[in-house]
Each structure stands twice: as C-alpha cells, then as structure tokens.
Amino acid sequence: MLVIMKNDATEAQVQAVVREIEALGYQGIPIPGAQRTAVCVVGNKGPVEDSRLLALDGVKETIPVTKPYKLVSRETHPESTIISIGDVKVGGDKPVIMAGPCAVESEEQALTIAHLVKKYGASIFRGGAFKPRTSPYSFQGLGGEGLKILRKVREETGLLVVTEATDHSNIDIVEKYADIIQIGARNMQNYSLLRRAGNASKPILLKRGFAATIDELLMSAEYIMSEGNTQVILCERGIRTFSDNMRNTLDLSAIPSIKEVSHLPIVVDPSHAAGLREYVIPLSKGAIAVGADGLLVEVHHDPLRALSDGMQSLYPKQFEKLMEEIKSLHR
Ligand code: PEP
Ligand code: MN
C-alpha cells in the first residue's frame, strides 16, 4: 500500500506516518517525487488497515499497490528514475554506452580499449576482474589486480567503470573500486548477494538471469531496493529459448514491458545475447529503437586473442560504426 501525502505535507508529518506504519508492524519507506511524496508500506502479507493512517495530518489518501514488487513499481514512483553517476545520467534522454572487454587481461589491453571506446563516445568502461566462467579451467579474471587496472583506466581516461562482484568474497573490494557494481545473470537470484548489494554505496547493474521472467528480475531488484539502495539499473542480456540461432534470445519485448511497470532504467547487453560480433550492431539498434536507456557492449582491440568472449567482441571500428548508427537512430 502507498500512503500519499498532501502537496504541502511537512517532513515531520511524513515521519509521523512512518512511525504509525511501524507501530502497525510493517516498514514505511518515504518516496519523494516531483509531484508528491508517498510512503510505501512494505512487509505486509495482506491488505493493511488504513484508518489510523488516514487520520494523520498531511495524509491525502491511501492506494493499494497491485504488484508484488513495490519499491520497483511505477505505481510507487510514477516518474522514471534517472541515476546520476558523476556527469553520466542513466535513464536520462540520451542512451548511455558502457563498452569494453569481457575481461580485464592486462593494463595495456584495458587502456588501449578504454582510449578507443572513449574516442567513439562511450562514457562507461566495462571489464570483468572476477569472471564467472562456465568451465573451471577457463580464465577466471585477474581479481584484485584487475580492479587496480580499472582504477588506472578511470584515472587516465575519465571513464566511469562497471565491473562484476561474483560473490560475498569480492563484493567489498569491488564496491571500493567500481563506479557501478555488476550483478551477473548467474547471480540474479542469489538473494544474500542481492541484500549485500542493497547495502552498497554504489549503483547496481542487475542483469537478467537467462531463465528468469520479468517479474523475477523485478523481484530481485526489489531485494536490492528493500535494503536501501535505490540506484538499480536493470539489464536485458538474452534468455534461453528453443531458438538456437544465437547464444541467447535477446528479449527486446522486456524493455517496453518493464518501462510500463517499473520506473527503473534498463540497458541492453547485445553481446552476451548474440554470441557473435556480426549480430551485435543490429541487436543494439533494435534495443535503442524500443527505448533502452543504454547498451553494455563488449569491444576488444584484438578479439582473436581475447581471453574470454572474443567471438562476440566488436572490433573498435565496428564499435565506431555502432555509435554512428545509434546516434542517428536516437535522433
Ligand atoms: C558479463 O557481462 O561480463 C557477463 C558475465 O554477463 P552475464 O552475467 O550476462 O552472462
Ligand atoms: Mn563476456
């Protein structure tokens, strides 16, 4: 349920509503908005008896939230959320491009790619230091060394960095070095990791699991938000279907569906969906056309020698072409 405050309600009146909700045995989370402040009631299993809340000063009305996710829902927060990180705005009127290698392999590799993607218009550098790999014998990432390289990339290029925390053993250090903490597809329903992400001081990029429904993705975002971190960026990265023409099936229908029910920004990763670089540009254009707030794209200066996901990594010249094409499309 949402308790909608009157336009002229004071902060003290909002706090009185929070206290009354707590007295009823639930939690009250104030959600300031451009039009009005609402207080979201969470922790209730069924309908909430609202007569005591309606009697409080400054309360306009109560409205039920029909979705199982509340903080994530557009019913709770009608305006689309814009996440500001430095000068970059995710969810604003310009798509945000996050680009870089699958994995950080060396300082030279990361810096070479970072300078190139910056030149062509990316504002965030991606690169895994801790890599979740299907095979235990594959390259697992440089770990802490990789994070130090990402710091150097940030200092030398001014690009923000997004990198994955794969478990509780590395989320503290990732939080220290990253501008955005990525929670990967394999961890989308790792609820204890989501709760930890909800206590992080940095925005979270939450990738859709490859067998997860949209409601499950949104419930995972709710885990993060319910712990207090409201800076969540969703990411569609392809799901498993019976189609085997690409590595995964990019579910572009998720973007308008999610925009209808949630205020959170959503970006698209065409690389892990495609599996092959030649499909990355058309999928990216589709993503921008259906209203994605940005892209997460793998780019490598020497993809044939990449230690992971070389086949789906764009050559820098292809990335340049992608940037040109989406610019005109967005316009
Ligand atoms: C990644 O982006 O580095 C990655 C491992 O992607 P996903 O979790 O979507 O497989
Ligand atoms: Mn990858």
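Whatever order the structure lists them in is the order used to number ligands and atoms, beginning at 1.
- Nearest N/O/S atom of Asp309 relative to the Mn ion (ligand 2): this is OD2.
- With respect to the Mn ion (ligand 2), Glu298 has OE2 as its nearest N, O or S atom.
- Salt bridge present: Asp293 and Lys259 bring a charged side-chain N and a carboxylate O closer than 4.0 Å.
- With respect to Glu107 and Lys152, a salt bridge is recorded, a charged nitrogen being found less than 4.0 Å from a carboxylate O.
- To the nearest 0.5 angstrom, Leu217 atom CG is 10.0 Å from Tyr69 atom OH.
- Atoms of ligand 1 found under 4.0 Å from any heavy atom of Glu164, numbered from 1 in the order shown, are 5 (C).
- Between Arg126 and Glu298, at least one side-chain N (NZ, or NE/NH1/NH2) sits under 4.0 Å from a carboxylate O, which counts as a salt bridge.
- If you number the atoms of ligand 1 from 1 as listed, the ones under 4.0 Å from a heavy atom of Ala185 come out as 7 (P), 8 (O), 9 (O).
- Proximity annotation for atom 6 (O) of ligand 1: of Met98, Met188, Lys207, Lys207 comes nearest, heavy atoms only.
- Numbered from 1 in the order shown, with element, the atoms of ligand 1 that lie under 4.0 Å from a heavy atom of Gly184 read 8 (O).
- Between the side chains of His168 and Ser192, a donor-acceptor pair is found at a separation under 3.5 Å.
- The closest non-hydrogen atom to atom 4 (C) of ligand 1, taken over Arg133, His272, Glu298, comes from His272.
- Ligand 1 has Gln182 within reach: a non-hydrogen atom of the residue lies less than 4.0 Å from it.
- Proximity of a side-chain donor or acceptor of Asn187 to a complementary backbone N or O of Asn190 within less than 3.5 Å is not detected.
- Remark: Arg19 does not engage Glu22 in a salt bridge, criterion side-chain N to carboxylate O under 4.0 Å.
- Summary of contacts: the protein heavy atom closest to atom 9 (O) of ligand 1 is Arg237 NE, 2.6 Å.
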